[in-house]
Amino acid sequence: MTWLDDVRFNADGLVTVIAQDTSSARVLMVAWANREALVETAASGCAVYWSRSRKRLWRKGEESGHTQRVLEIRLDCDGDVVLYAVEQAGGIACHTGRESCFFRRLDGEQWQTIDPVLKDPELT
């Protein structure tokens, strides 16, 4: 039995992964990982996810340079969510060029963008 046996993957062989910044405790993004992504993340210390749209491993920052150094990997009580505690290179985790993917806040009945674009994603 290995540590991976405690992870409850869904029917597609994936588990939800939350990336959280270790310095600010801010949730940066939510993504997916398969067994291979988790193994590579644990071995390399760099965040690896499964891209459902590309149907392949996605090494965070492979195109943008905004890598995530994983300092800790945690598993929730049900075994179906993984947390990567990360140091975010460049301060940008979102493909929109923002610090976090959670840049909209509900204000009444409308979403308001509250975080600025730090770098135009077209310039990566």
Side-chain angles (χ1 to χ4, degrees):
M1 186 158 163
T2 74
W3 60 273
L4 284 168
D5 295 328
D6 290 328
V7 179
R8 290 182 43 211
F9 295 93
N10 68 16
D12 295 322
L14 302 174
V15 64
T16 303
V17 179
I18 298 168
Q20 183 179 35
D21 187 281
T22 56
S23 61
S24 68
R26 184 162 187 197
V27 173
L28 300 176
M29 55 182 275
V30 175
W32 296 93
N34 62 7
R35 291 177 79 87
E36 186 179 0
L38 291 179
V39 167
E40 186 173 327
T41 298
S44 71
C46 295
V48 180
Y49 302 98
W50 176 259
S51 172
R52 294 179 300 166
S53 60
R54 298 176 192 140
K55 305 267 190 267
R56 66 172 178 84
L57 289 181
W58 162 42
R59 291 160 185 89
K60 179 69 174 140
E62 64 190 1
E63 293 174 15
S64 67
H66 300 134
T67 58
Q68 293 174 338
R69 191 173 88 129
V70 179
L71 303 180
E72 213 174 56
I73 300 173
R74 293 184 177 222
L75 184 63
D76 82 326
C77 58
D78 294 322
D80 60 359
V81 178
V82 171
L83 175 75
Y84 289 171
V86 304
E87 287 180 349
Q88 178 64 56
I92 298 172
C94 185
H95 75 280
T96 65
R98 292 177 173 87
E99 175 189 9
S100 169
C101 294
F102 296 93
F103 58 87
R104 293 178 281 197
R105 178 179 62 210
L106 186 60
D107 186 7
E109 295 189 19
Q110 294 183 358
W111 293 108
Q112 298 295 322
T113 298
I114 59 170
D115 293 345
V117 172
L118 301 176
K119 181 178 179 186
D120 183 340
E122 299 298 317
L123 301 177
T124 28

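- Between the CG atom of L57 and the CG atom of N34 there is a distance of 5.5 Å, given to the nearest 0.5 Å.
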Show me the side-chain donor-acceptor pairs of residues 106-118 shorter than 3.5 Å, one per line, residues at least two apart or across chains.
| unit_1 | atom_1 | unit_2 | atom_2 | d |
| --- | --- | --- | --- | --- |
| D115 | OD2 | R26 | NH1 | 3.2 |
| D115 | OD2 | R26 | NH2 | 2.3 |

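- Scanning both residues, L4 and R35, for their nearest heavy atoms gives CB-NH2, 3.5 Å.
- T96 places a side-chain heavy atom less than 4.5 Å from the side chain of F103.
- Residues D5 and T2 share a closest heavy-atom pair of OD2-N, 2.7 Å.
- By the rule that hydrophobic residues join a cluster once side-chain heavy atoms approach within less than 4.5 Å of another member, V70 and V27 end up as members of separate clusters.
- Residues S24 and E99 come closest through the heavy atom pair OG-OE2, 4.3 Å.
- Proximity of T41 to V82: side-chain heavy atoms (C-beta onward) are nowhere separated by under 4.5 Å.
- Hydrophobic clustering of Ile, Leu, Val, Met, Phe, Trp and Tyr side chains at less than 4.5 Å, counting indirect connections, keeps I92 apart from I18.
- The backbone N or O of R69 sits nowhere less than 3.5 Å from a side-chain atom of E87 that would complete a donor-acceptor pair.
- Cluster annotation: W32 and V7 are assigned to distinct hydrophobic clusters (Ile/Leu/Val/Met/Phe/Trp/Tyr, side-chain heavy-atom contacts under 4.5 Å, transitive).
- Note that CG of D76 is 9.5 Å distant from CG of L83, once rounded to the nearest 0.5 Å.
- Taking every heavy atom of both residues into account, V30 and F102 meet most closely at CG2-CZ, 3.6 Å.
- Note that CZ of R104 is 8.0 Å distant from CZ of R98, once rounded to the nearest 0.5 Å.
- A 4.5 Å side-chain heavy-atom check between D78 and R8 finds at least one atom pair inside the cut-off.
- A33 approaches V48 most closely through the heavy-atom pair CB-O, 4.5 Å.
- Remark: Y84 engages Y49 in a ring pair (Phe, Tyr, Trp, His ring centres under 6.0 Å) (not counting sequence neighbours).
- Pairing each heavy atom of F9 with each of L38, the nearest pair is CZ-CD1, 3.8 Å.
- To the nearest 0.5 Å, atom CG of residue L14 and atom CZ of residue R52 are 7.5 Å apart.
- In this structure, the side chains of Q88 and H66 come closer than 4.5 Å at one or more pairs of heavy atoms.
- Not counting sequence neighbours, the partners of R56 by the side-chain hydrogen bond (donor to acceptor under 3.5 Å, both in side chains) test are E62.
- When the side chains of ILVMFWY residues are joined at heavy-atom separations under 4.5 Å, either directly or via intervening members, V39 and V86 end up in a single hydrophobic cluster.
- A heavy-atom distance below 4.5 Å is found between the side chains of R59 and E40.
- Taking 4.5 Å as the limit, some side-chain heavy atom of L75 sits within range of a side-chain heavy atom of D6.
- K60 has its side chain out of reach of T67: every pair of non-hydrogen atoms, C-beta onward, lies at least 4.5 Å apart.
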